[in-house]
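One structure is given below, encoded as structure tokens.
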Amino acid sequence: MAAFDVATGQVISVLHRRHRAAEFKKFLIRIDKEVPAHLQIHLIVDNYGTHKTPAIKAWLAKHPRFELHFTPTGSSWINQVERWFGYLAHQMIRRGAHKNIQALEADIRAWVKDWNKDPKPFIWTKTAEEILDSLARLCRRISGAGH
């Protein structure tokens with residue numbers, strides 16, 4: 001799991017072999033400890049059930065500086081942390097040779113630590129108007145295509 005600061009590119013990450021509500025709650029606690037107390041925390045998360053359990057809802061109710069924003073199904077491409085995971089996969093996981101899970105986890109931790117020495121935020125290179133125009137062209141092209 002990773003929390004990507006869109007302003008700085010800094011990442012808070014944890015490795016868990018499972019992704020249940022218990023692990024997500026531990027991740028939220030870590031974020032709460034690492035982010036200065038005076039800041040609001042907006043997390044963009046997918047619609048995975050783990051993010052919506054009663055235990056998570058109760059924890060969030062006690063931590064009002066957290067606000068979860070859920071991405072629509074299939075739109076994870078808008079989530080900048082997904083792009084960061086792409087870098088992780090391309091630059092470290094696919095290029096590496098890992099003898100076992102422990103070695104892979106150690107390499108991921110080292111890569112994240114190195115990333116955070118010189119973090120880089122992602123910068124949109126197109127304006128909102130250009131993106132919307134591109135989407136409109138796509139919609140015109142596929143409308144009536146039998147999809």
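Note that the structure is a prediction, hence the values are computed from the model and not measured. As a basis for the values below, the full set of heavy atoms in this structure was taken, side chains included, without hydrogen atoms, waters or symmetry mates. Throughout, numbering of the chain's residues begins at 1 and tracks the sequence.
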Close side-chain approach of Trp59 to Thr53, heavy-atom, < 4.5 Å: no

Shared hydrophobic cluster, Ile41 / Ile56 (ILVMFWY, side-chain heavy atoms < 4.5 Å): yes

Residue pairs involving residues 56-68 (criterion salt bridge (Lys or Arg N to Asp or Glu O under 4.0 Å); sequence neighbours excluded): Asp32-Arg65

Distance in Å, Lys126 NZ paired with Leu132 CG, rounded so as to fall on 0.5 Å steps: 11.5 Å

Value rounded to 0.5 Å, distance of CZ in Phe27 from CG in Leu43: 7.5 Å

Spatial distance of atom CH2 (Trp111) from atom OG (Ser13) [nearest 0.5 Å]: 9.5 Å

Glu129, CD: over 12 other non-hydrogen atoms inside 6.0 angstrom: no

Residues which pass salt bridge (charged side-chain N to carboxylate O under 4.0 Å, His left out) with Glu34, listed by chain and number, not counting sequence neighbours: Arg30

Note, Lys120 side chain near Asp118 side chain (heavy atom, < 4.5 Å): yes

CA sep, side-chain torsions, deciding dist, call: Glu23, Arg20, salt bridge (charged side-chain N to carboxylate O under 4.0 Å, His left out): CA-CA 5 Å; Glu23 289 82 15; Arg20 301 172 301 178; 2.6 Å; yes

Sole residue of Ile101, Leu104, Ile108 in side chain to side chain contact (heavy atoms under 4.5 Å, CB included) with Leu15: Ile108

Side chains of Arg137 and Asp133 in contact at under 4.5 Å (non-hydrogen atoms): yes

same_hphob_cluster(Leu39, Ile29) at 4.5 Å side-chain heavy-atom cutoff: yes

Under 3.5 Å donor-acceptor, Trp115 side chain and Gly9 backbone: yes

Residues, nucleotides or ligands: over 12 heavy atoms within 6.0 Å of Lys52 NZ: yes

Ring geometry between Phe70 and His51 (parallel below 30°, tilted from 30 to 60°, perpendicular above 60°): tilted

His69 atom NE2, neighbour heavy-atom count above 12 within 6.0 Å: yes

Gap between atom CZ of Phe85 and atom CD1 of Ile93 - 0.5 Å precision: 9.0 Å

Side-chain touch Val11/Asn116, heavy atoms, less than 4.5 angstrom: yes

Mutual orientation of the aromatic rings belonging to Phe24 and His19 [parallel < 30°, tilted 30-60°, perpendicular > 60°]: tilted

Separation between OG1 of Thr50 and CE of Met1, rounded to the nearest 0.5 Å: 7.5 Å

Shared hydrophobic cluster for Val14 and Met92 (ILVMFWY, side-chain gaps under 4.5 Å): no

Name of the residue among His16, Arg17, His98 meeting side-chain hydrogen bond (donor to acceptor under 3.5 Å, both in side chains) with Glu105: Arg17

Asp5/Val35 under side chain to side chain contact (heavy atoms under 4.5 Å, CB included): CA gap, chis, key distance, verdict: CA-CA 10 Å; Asp5 183 331; Val35 174; over 6 Å; no

All salt bridge (charged side-chain N to carboxylate O under 4.0 Å, His left out) counterparts of Glu130, not counting sequence neighbours: none

Leu28-Ile12 co-clustered via ILVMFWY side chain contacts under 4.5 Å: yes

Atom of Thr8, atom of Pro121 and distance for their closest heavy-atom approach: O-CD, 3.4 Å

